[in-house]
Protein chains: 2
Amino acid sequence: MKDHFSLTGVTVAMTPMARFEEYLQSRGKRVTQQRRTILDQVFSHHEHFDADDLLEELASRKLGDRKVSRPTVYRTLGELVDSGLLRKMSLNNRSVYEHDYGYPQHDHLYCEECKQLIEFQSKELSSICETVAKQQRFRAKGHRLIITGVCSNCNKARQRPTHRLEMI
Amino acid sequence: MKDHFSLTGVTVAMTPMARFEEYLQSRGKRVTQQRRTILDQVFSHHEHFDADDLLEELASRKLGDRKVSRPTVYRTLGELVDSGLLRKMSLNNRSVYEHDYGYPQHDHLYCEECKQLIEFQSKELSSICETVAKQQRFRAKGHRLIITGVCSNCNKARQRPTHRLEMI
DNA sequence: ATAGTTGCAAATTCTTTGCAAGCCA
DNA sequence: TGGCTTGCAAAGAATTTGCAACTAT
């Protein structure tokens, strides 16, 4: 489930942790071990992930981290989205997350074969959205485009003779 | 939850029912009362809907229709998607359906306030998708763009003084 | 008659919540 | 200390499945 690292991050003034602390403090919330551990794990790599992925990653951290329970993961993911650090999307009726803070606006190609999400950027797309929103007097906050199909790797795999045999 | 009827249907050779029967027969499946009732209800109006909406609509049909259970609704919705009559999308981790057969490709604006889906068409968008797919050697089967924000009606509502008071 | 369908109940999957014990400011 | 957090268990919400009874062909 490796992702394509085709996009370059944007420069940001604060680290995700600093930003999260600011968000928490501004709301009278507390900076706990669990929240720190989750944030650290979430920003340790750039793949898209869901709550289960994150829970597994946390479980395999052999560090002295305190254990993080499933409800806390869900609660914290919500806070990370609220604080603007993560973006959430709904894929096959499950929530999938990705970095938002320090990462440019982009959209996705979704391979129905290997379930991989591939990122791409398009400035034309953004202007289309603006135009459409203006026409409809709609106050747009954001957009999400997903192109579904089969990625180049899976296309190749399909054409290999071994696969024809397996299909019998 | 009324929808905008801004798009005009495309001309099709068969009625949805005829097409569904063809699909069923080609797979050795049967044309049952329940499948007929569901198809009839689904194509009786053009709003987006989910399984619960459909179940409610079916329950309120005072006709001599046989009762349709929840599992049958789910099973049949799947078949309607397979047969190309409906399109399914994932919204807030639930499945939402809309007409596909006899209806042109389009995308949506989603109002986070009133939860309404507004349709729009954009040919530029389709060409962007083609270009992106070609660049990534991705075999695209389709796409889905959703612009989130607040629709014109809800924007107006927000500005009405009554609402300011209600917010206290 | 025979194989596909249906409804019921129960199981699954993903996510949220109530609450007592624990921890941060 | 006082209030926000956590983990546990349980509840919820959406969807799927096993199976015996039913029905289309």
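Here is how names work: the chains are called A, B, and so on, in the same order as the sequence lines, proteins then strands, and each is numbered from 1.
- Distance, A:L24 CG to C:dA25 P: 10 Å, rounded to whole Å.
- Residues that satisfy the side-chain contact (heavy atoms from CB on, under 4.5 Å) test with A:S122, not counting sequence neighbours, are A:F120, A:E124, A:L125, B:I128.
- Side-chain contact between B:E119 and B:H46 is present, with heavy atoms from C-beta onward closer than 4.5 Å.
- The side chain of A:T72 places no N or O atom within less than 4.0 Å of a non-bridging phosphate oxygen (OP1 or OP2) of D:dT5.
- For A:N92, the side-chain contact (heavy atoms from CB on, under 4.5 Å) partners at least two apart in sequence or on another chain are A:Y110.
- Not a single donor-acceptor pair under 3.5 Å links the side chain of A:T72 to the backbone N or O of A:V68.
- From B:H99, atom NE2 reaches atom CG of B:L86 across 6.5 Å, with rounding to the nearest 0.5 Å.
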Identify each donor-acceptor pair in which a side-chain atom of residues 14-23 of chain B lies under 3.5 Å from a protein atom, sequence neighbours left out, and give them as a table.
from: B:T15; atom 1: OG1; to: B:A18; atom 2: N; distance (Å): 3.0
from: B:R19; atom 1: NH2; to: B:S83; atom 2: O; distance (Å): 2.8

Between the protein and nucleotides 22-25 of chain D, are there any N/O to N/O pairs under 3.5 Å, and if so, what are the atom names and distances?
from: D:dA24; atom 1: N3; to: B:R30; atom 2: NH1; distance (Å): 2.9

Enumerate all atom pairs, one protein N or O and one N or O from nucleotides 8-13 of chain C, separated by less than 3.5 Å.
from: C:dC8; atom 1: OP1; to: B:K67; atom 2: NZ; distance (Å): 3.4
from: C:dC8; atom 1: OP2; to: B:K67; atom 2: NZ; distance (Å): 2.8

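- A:T32 pairs by the side chain to side chain donor-acceptor pair (under 3.5 Å) definition with nothing, not counting sequence neighbours.
- As rounded to whole Å, 11 Å separates atom P of D:dT15 from atom CG of B:D53.
- In this view, A:S127 satisfies the side-chain contact (heavy atoms from CB on, under 4.5 Å) rule with no residue, not counting sequence neighbours.
- When rounded to the nearest whole Å, the span between CZ of A:R35 and C1' of D:dG7 equals 14 Å.
- The one candidate from A:R87, A:E98, A:K115 that meets the side-chain hydrogen bond (donor to acceptor under 3.5 Å, both in side chains) condition with A:H48 is A:E98.
- Of the residues in residues 14-23 of chain A, none has a non-hydrogen atom less than 4.0 angstrom from any atom of DNA chain D.
- What separates CZ of B:R36 from P of C:dG4 is a distance of 19 Å, to the nearest Å.
- When the side-chain nitrogen and oxygen atoms of B:Y74 are compared with OP1 and OP2 of D:dT15, one or more of them lie within a distance under 4.0 Å.
- For B:Q34, the side chain to side chain donor-acceptor pair (under 3.5 Å) test picks out no residue, with sequence neighbours left out.
- In terms of hydrophobic clustering, with Ile, Leu, Val, Met, Phe, Trp and Tyr side chains grouped at heavy-atom distances under 4.5 Å, B:L24 and B:L77 are assigned to a common cluster.
- In this view, A:K67 satisfies the side-chain contact (heavy atoms from CB on, under 4.5 Å) rule with no residue, not counting sequence neighbours.
- Among the protein residues, A:R70 comes within range of the nucleic acid bases, having at least one heavy atom under 4.0 Å from a base atom.
- When each of B:V73 and B:G28 is assigned the nucleotide of DNA chain C with its nearest heavy atom, B:G28 is the one assigned upstream, toward the 5' end.
- The stretch residues 80-93 of chain B comes close to DNA chain C through B:N93, each having a heavy atom under 4.0 Å from the strand.
- By the side chain to side chain donor-acceptor pair (under 3.5 Å) test, A:R139 is found to be paired with B:N155, residues two or more places apart in sequence or in another chain being considered.
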